[in-house]
Every structure is written in structure tokens, then in C-alpha cells.
Amino acid sequence: MADSENCFRCPDLEFPNKRRNQCIPKKEDFLSYTTDVISIVLSSISVLFLLITFLILGVFIKYRDSPIVRANNRSLSFLLLVSIKLSFLSVFLFLGRPGDITCRLRNITYGIAFSIAVSSLLAKTIMVYIAFKSTKPGSSWEKWMGVKLSRSVVLVFSSIQIIICITWLAISPPFQELDIHTYPGTIIIQCNEGSALGFYSVIGYMGLLAVVSFVLAFLARSLPDSFNEAKYI
């Protein structure tokens, strides 16, 4: 109390009540699944697009032996749809009370899943361009046609992201952090990314893959209508 002769400081996770005669626990604050509007909106959008992706994947599986699905590089299409589903599911790792495990999984899971998706798009773009080049008689591009090249593209570019993530986790992994200073009476439970270089390396590599895929698709946009997949990419 204000006129007390013996005062003591409350622990870091507690603060004094209005009469200042008792320490009470601070309120915990984080992105909750049920109380935060932004969490509800993000969850709803993720579930919606997840269901749409499931529907598209179901159509592809049902008609997997049809000419149009086989011509669309069936294995790459399946891999792309699965990685997109994982990207939507990884949103839920960013919601709820964060812990050391979820802090380490959320950026890693999203980074790898998104990199696989973009690598699949990149492989599709490359295959479209090679398919057009190989139509010319005596073209040397014919030897590059086949499933092995597209799989190698996805494997190589995805492996780079996996190596970046493993290095990040090995050197300075993310961890749970309690912010007790920003708002009095409130503990903000958040994730500390550990190594800023690791975090920006994962994000930067995803951006680099997206830019390269977009540039290649943009350069291939003028291909004939029979190769117009690059326009949609």
C-alpha cells in the first residue's frame, strides 16, 4: 500500500492490484483461435482454400489417366497441390499459444512447403519452354524432355531451402519469448526468431524462387496457344 512501511517488488510475471497490497498474475496475450478476430478470419480463409485445393486434387486423382492431366505433368501437379495444402495448414501453427516446438515448426514448415510449391511451378515453366523448343526438327532440346528433369528441378531448389532451415535450427533456432514490458499488466507470448539472418534467408529464398518463376513465365508468355500454360503460371 502507499502508506506501508514494508514494500516489496512483485515478480516479473505479476503486477500489483489497485490497492497495491497484493500481487496478481498478469494477463497472457497471444493470437487465440476463438477470441481474436484476425485469427478467426485467417483460419476461415485457410480452411476455405484448403477445401478448394482438396476438391481440385480429387478431380486430378479421379481423372489422373486422362490425356489432359497426363499432358499437364501429373506428378508435378500432384506435388504442387499437396504442397499448397501444407502451406494453408501451416497457418494454424501461427495461431494459438506459441511454444518452443511451434515456434520452430511454423516458419520451417511454411518455408519448405511454399518452396516446394514454387519449385513445382518453376519446373512446369521450364518444361513448357523446353517442350516448345523441342518441336523444331533436329532440336537439341529433345534430350531434356522427360520426368527426370522436372523432378530434379524440384529436388534441387527444395533441397536448398531445407538446408537453409536445418542450418537455422542448428545455429540459433526460434524459441518462445515472454514480453512483459510493452503493456503493463499483460504478458505477450510470442516467438523470438533466434537468428534474424536465418529468418530472412528463408523468406528471401522463397521470394527469389517466386521472382525467378514469374520472370521465366513472363518470358514464355508469347508462346503459341498450344503452350499457353506459361501464361497462367
message: Within the 3.5 Å criterion, strictly below it, is a donor on Lys124 or Ser213 matched to an acceptor on the partner's side chain?
response: no
- request: Quick one: pull up CG in Leu57 and CZ in Phe60 and give me the separation to the nearest 0.5 Å.
  value: 9.0 Å
message: Quick one, Leu121 and Phe214 - any side-chain contact, counting heavy atoms below 4.5 Å?
response: no
message: In this structure, would Ile180 and Tyr183 fall into the same cluster of hydrophobic residues linked by side-chain contacts under 4.5 Å?
response: no
message: Is any side-chain heavy atom of Ser120 closer than 4.5 Å to one of Val153?
response: no
- prompt: So how far is it from Ser159 OG to Ile164 CD1, rounded to the nearest 0.5 Å?
  reply: 11.0 Å
field: Flag, side chain of Thr109 to backbone of Arg106, donor-acceptor distance under 3.5 Å
entry: no
query: Side chains of Gln161 and Ile116: does their closest heavy-atom pair fall under 4.5 Å?
result: no
message: Do Leu178 and Ile189 have side chains that approach each other closer than 4.5 Å (heavy atoms only, starting at C-beta)?
response: yes
query: Should Ile162 and Ile203 be counted in the same cluster of Ile, Leu, Val, Met, Phe, Trp and Tyr side chains packed under 4.5 Å apart?
result: yes
query: Are Val154 and Tyr110 co-members of a hydrophobic cluster defined by side-chain heavy atoms under 4.5 Å apart?
result: yes
message: How long is the straight-line distance from OG1 of Thr182 back to CD1 of Ile188, given to the nearest 0.5 Å?
response: 4.5 Å
query: Quick one: CD on Gln22 to SG on Cys10, what's the gap to the nearest 0.5 Å?
result: 9.0 Å
message: For a side chain to side chain contact (heavy atoms under 4.5 Å, CB included) check, start with the C-alpha distance between Asp65 and Arg74, then their side-chain angles and the critical distance, and finish with the verdict.
response: CA-CA 9 Å; Asp65 294 323; Arg74 181 171 51 187; 3.0 Å; yes
query: Asn107 versus Val202: any side-chain heavy-atom pair under 4.5 Å?
result: no
message: Quick check: do Ser115 and Phe157 have side-chain heavy atoms less than 4.5 Å from each other?
response: no
- prompt: If Ile, Leu, Val, Met, Phe, Trp and Tyr residues are connected whenever their side-chain heavy atoms lie under 4.5 Å apart, and connections chain through other members, are Leu80 and Leu55 in the same group?
  reply: no
query: Are any of the side-chain heavy atoms of Val118 and Met206 separated by less than 4.5 Å?
result: no
Closest approach of Phe92 to Val47 (non-hydrogen atoms, all atoms of both residues): CZ-CG2, 3.7 Å
task: Any chance you could lay out the side chain to side chain contact (heavy atoms under 4.5 Å, CB included) test for Cys103 and Asn192, step after step, and finish with the verdict?
output: CA-CA 8 Å; Cys103 286; Asn192 187 309; over 6 Å; no
message: Can you tell me how the ring of Phe88 sits relative to the ring of Phe49, calling it parallel under 30°, perpendicular over 60° and tilted otherwise?
response: parallel
Student check: side-chain heavy atoms of Cys191 and Phe175 closer than 4.5 Å: no
- prompt: What distance separates Ile187 CD1 from Lys27 NZ, expressed to the nearest 0.5 Å?
  reply: 12.0 Å
message: Are Leu155 and Leu208 linked, directly or through intermediate hydrophobic residues, by side-chain heavy-atom contacts shorter than 4.5 Å (ILVMFWY only)?
response: no
Considering all heavy atoms, the nearest Leu197-Ser201 contact: O-OG, 2.6 Å
query: Counting distance only, does the side-chain N/O of Arg104 pair as donor-acceptor with the main-chain N or O of Leu169 below 3.5 Å?
result: no
- request: Give a yes or no on whether the backbone of His181 and the side-chain of Asp179 come within a donor-acceptor separation of less than 3.5 Å.
  value: yes
Exercise: identify the closest heavy-atom pair between Trp168 and Ser195: NE1-O, 3.5 Å
From OG (Ser43) to CG (Leu50), nearest 0.5 Å: 11.5 Å
